[in-house]
There are 2 protein chains.
Amino acid sequence: MSSKDSYHHGNLRAELIEAALAAARRSGPDAIVLRSITRQLRVSPNAAYRHFADRQALIDAVAESIQSKMAAAMHERMLSIEAGPPDERARAQLRAVGLGYIGFARAEPGWFDTAFFGVRDGSETVTGDLSARVPPPFELLIDALDALVAAGALSQTRRVGAEWACWSAVHGFAQLVLHGPLSALDDTTVTMFAERTVDDIITGIH
Amino acid sequence: MSSKDSYHHGNLRAELIEAALAAARRSGPDAIVLRSITRQLRVSPNAAYRHFADRQALIDAVAESIQSKMAAAMHERMLSIEAGPPDERARAQLRAVGLGYIGFARAEPGWFDTAFFGVRDGSETVTGDLSARVPPPFELLIDALDALVAAGALSQTRRVGAEWACWSAVHGFAQLVLHGPLSALDDTTVTMFAERTVDDIITGIH
DNA sequence: GAGTCATGTGTACGGTGTTTACATCTTAGG
DNA sequence: CCTAAGATGTAAACACCGTACACATGACTC
């Protein structure tokens, strides 16, 4: 029991994020509705405003949390790669990053939809720290590409811009699976196409 | 003047779509709000329900319209490709499809966000015609890939699944540009990375 | 000309994010 | 220890939203 059921909740900010995480997991970012979440926590609707500037700020916090979980899942998948020739190993790691990205999206569609730049309002200028906050999953990708260079499997000149090609491919595939035509296909077929897509982009960047 | 400013509007369905298109163009799908649009057309909020089952139905109609515009824009870009060796030409066409897709997204971000499977509510099962309605832009991609096979530049076995890899790459890139980190970069740099991504995926599918 | 049906309006309900003013608890300083 | 300040909760209200239901209007058919 972390709540003190008195006037002051004591741990609201954390529990708001947790409840929002649970809601998003079931039904995506639109399920993060302040009134519903505060109701769950037996707290007035406005209580949330003591911890978040507005709804979007809560969503952002949730997104950050999800990104960490996602990076952890991807990292775990990378660990199960046996050693071998450095270049082959580097390529396998990169492959694991891509398949891990897609795998997380398929395993946790609600979370995935919440994690990255959801379709926001049109008149939005991202505030400031554009280059500062790098999503942990993206960092994994950067590292994998750098390792590929270090292993001599990718030239320095071809290295520049490769991250965008890779991220584009896996992110787009995730969208197609979660909300596009690929959602109609059975799991094994989707897995096949996912591997095809990841392998192709890895081949392509060389 | 297409309106008759009497009790019956006379052309409401079409004008609803048009107004929704204009709103979406400025600020994306969230800007398609029934009350605002019906207000513009000097019509009661419920009037829309005589032509669309609900808000989503209107959005779907708008999306379909945008997809047509998009395919037209992409097609136009393909026309400006001079003749040459069949395989080179086929590859150039495919490249134009990809760059056209991304180009449209950058030129009309609000429309692009509305055109495809926007992040919907979690508890949604797409109703029925999964395989039936193929977005026109996607058809262009299919044709370009088939042409690549016909030109002998892509084997039959490598053909299967190639559309998903290609679509994934360009769609993902569009997301990264519109709502992701790439939005912070200047236009020429983004164009460079777009070309890189498209070229890489085309190389990769072979 | 009468009646039917498509298409519009009025009113109302339940939901939302957010603001403003006020209540309560915690905690630091004299 | 007591008090003032600041952090954190509540209450009421506002301005929206999508949508259901009953009713009004007008166009087209027999």
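Numbered from 1 within each chain, the chains take letters A, B, ... in sequence-line order.
Within the structure, every pair that satisfies the salt bridge (charged side-chain N to carboxylate O under 4.0 Å, His left out) test and touches residues 193-202 of chain A, not counting sequence neighbours, is listed here: A/R95-A/D199, A/R196-A/D200, A/D200-B/R158.
One interatomic measurement links the two molecules: CD of A/Q56 to C1' of C/dG17, which rounds to 12 Å at whole-angstrom precision. What separates CG of B/L12 from P of C/dG8 is a distance of 5 Å, to the nearest Å. A/L16 has its CG atom 12 Å from the C1' atom of D/dT8, to the nearest Å. A/R39 has its CZ atom 14 Å from the P atom of D/dT10, to the nearest Å. Nucleotide D/dG18 holds its C1' atom 5 Å from the OH atom of B/Y49, rounded to whole Å. We find that CD of A/Q40 is positioned 12 Å from P of C/dT16, with the value rounded to whole Å. To the nearest angstrom, C1' of C/dT16 lies 14 Å from CG of B/D30. Rounded to an integer number of Å, the gap from CD of A/E15 to P of D/dG9 is 10 Å.
Between B/H51 and the phosphate of C/dG8, there is a side-chain N or O to OP1/OP2 separation shorter than 4.0 Å. Between D/dA20 and B/R50, no contact under 4.0 Å exists linking OP1 or OP2 to a side-chain N or O.
Closest to the side chain of A/V33, out of C/dG17, D/dG9, C/dT7, is C/dG17.
Counting non-hydrogen atoms under 4.0 angstrom, A/R55 reaches the backbone sugars and phosphates but no base. In this structure, A/R13 reaches neither bases nor backbone, as no heavy-atom distance under 4.0 Å exists between it and the strands shown.
Closest approach of B/V149 to B/S155, counting heavy atoms only: CG2-O, 4.4 Å.
For A/R35 and C/dG17, a side-chain-to-base donor-acceptor distance below 3.5 Å is present, hydrogens and geometry of angles not being considered.
The aromatic rings of B/W167 and B/W164 sit parallel to each other, their planes meeting at less than 30°, with 60° as the upper class boundary. Using a 30° and 60° split on the angle between ring planes, A/Y101 and A/F112 fall in the perpendicular class, above 60°.
The backbone N or O of B/A24 sits nowhere less than 3.5 Å from a side-chain atom of B/S27 that would complete a donor-acceptor pair.
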